[in-house]
Amino acid sequence: MKNMLKPLLLLSALLFFSPQGAMADTYVENVGDKLAHGVANTITGIGEVPKNMIMTTNEKGIGYGLTAGLASGIIYGIGRTLTGVVDLVTFIIPTKPIIYPDFIWKEFDTKQTHFHPEWKLQK
């Protein structure tokens, strides 16, 4: 056992001070961010309904907001929930968020939700 301890300590020290060791920190951070996005978007997808109703009402009036806002909110809510599930399933692969704004509470009543057409790896 003592014969294995010295080479393992040397190897771990080399990995710790290597550039790959520094990149491991950003990898863990990116994976953690993606996991957080997945959990948050899966849970808060339903929040797209009031968000779209509020935004549509502010832009086009109450009648339009209660009908078209409700319909678009349901569609965007399903989309946000599904992208959250995709992020949860693939959190090991650090990619940029598919949906913008990446959390529903960011720019809640000012920015319309949209989906990015490309799925890019984070750097």
Side-chain angles (χ1 to χ4, degrees):
M1 183 70 178
K2 285 190 176 188
N3 292 338
M4 287 288 285
L5 189 59
K6 284 183 183 179
L8 285 175
L9 284 174
L10 181 61
L11 181 64
S12 64
L14 288 173
L15 287 175
F16 181 75
F17 291 109
S18 71
Q20 288 81 11
M23 285 176 40
D25 187 34
T26 57
Y27 172 77
V28 170
E29 198 172 288
N30 291 339
V31 167
D33 285 346
K34 188 171 179 183
L35 184 62
H37 283 102
V39 170
N41 287 328
T42 301
I43 293 170
T44 62
I46 192 72
E48 285 288 340
V49 174
K51 174 184 178 178
N52 280 279
M53 289 176 72
I54 291 168
M55 288 181 60
T56 307
T57 300
N58 289 341
E59 290 173 10
K60 300 191 178 182
I62 188 122
Y64 201 75
L66 292 176
T67 55
L70 175 66
S72 65
I74 291 169
I75 292 168
Y76 280 115
I78 292 169
R80 182 172 291 277
T81 302
L82 290 178
T83 57
V85 170
V86 168
D87 283 348
L88 279 174
V89 171
T90 63
F91 79 94
I92 293 293
I93 306 165
T95 57
K96 293 182 180 178
I98 302 169
I99 193 167
Y100 293 99
D102 51 349
F103 293 108
I104 194 163
W105 54 84
K106 286 186 177 178
E107 304 175 54
F108 184 79
D109 57 350
T110 59
K111 190 166 190 175
Q112 182 65 36
T113 301
H114 66 280
F115 301 91
H116 202 276
E118 298 175 1
W119 206 21
K120 296 181 180 179
L121 292 175
Q122 284 188 349
K123 295 180 183 181

For residues 61-76, which side-chain N or O atoms pair as donor and acceptor with protein atoms under 3.5 Å away, sequence neighbours left out?
| from | atom 1 | to | atom 2 | distance (Å) |
| --- | --- | --- | --- | --- |
| Thr67 | OG1 | Gly63 | O | 3.0 |
| Thr67 | OG1 | Tyr64 | O | 3.4 |
| Ser72 | OG | Ala68 | O | 3.1 |
| Ser72 | OG | Gly69 | O | 3.2 |

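Among pairs with a residue in residues 59-79, none fulfils salt bridge (charged side-chain N to carboxylate O under 4.0 Å, His left out), at least two apart in sequence or across chains. For residues 62-79, there are no salt bridge (charged side-chain N to carboxylate O under 4.0 Å, His left out) pairs, not counting sequence neighbours. Evaluation of the side chain to side chain donor-acceptor pair (under 3.5 Å) test over residues 37-47, restricted to residues two or more places apart or in two chains, returns His37-Asp102, Asn41-Arg80. Listed by first and then second residue, the salt bridge (charged side-chain N to carboxylate O under 4.0 Å, His left out) pairs that reach into residues 61-79 come to none, sequence neighbours excluded. Annotation: salt bridge (charged side-chain N to carboxylate O under 4.0 Å, His left out) contacts involving residues 66-77, sequence neighbours excluded, are absent. Within the structure, the ring pair (Phe, Tyr, Trp, His ring centres under 6.0 Å) test picks out the following pairs touching residues 78-100 (sequence neighbours left out): Tyr100-His114, Tyr100-His116.
The shortest non-hydrogen separation linking Lys34 to Asp87 is CE-OD1, 3.4 Å. Nearest approach of Val31 to Ile92, heavy atoms of both residues: CG2-O, 3.7 Å.
Connectivity analysis of hydrophobic side chains (ILVMFWY, heavy atoms under 4.5 Å, direct or indirect) links Phe108 to Ile54, Phe103, Ile104, Trp105. The hydrophobic cluster containing Val85, built from Ile/Leu/Val/Met/Phe/Trp/Tyr side-chain heavy atoms closer than 4.5 Å, also comprises Val89.
With sequence neighbours excluded, the residues forming a side-chain hydrogen bond (donor to acceptor under 3.5 Å, both in side chains) with Asn52 are Glu48, Gln112, listed by chain and number.
The CG atom of Asn30 lies 13.0 Å from the CD1 atom of Ile93; values are rounded to the nearest 0.5 Å.
In this structure, Ile46 places its CD1 atom where only 12 or fewer heavy-atom neighbours from other residues, nucleotides or ligands lie under 6.0 Å away.
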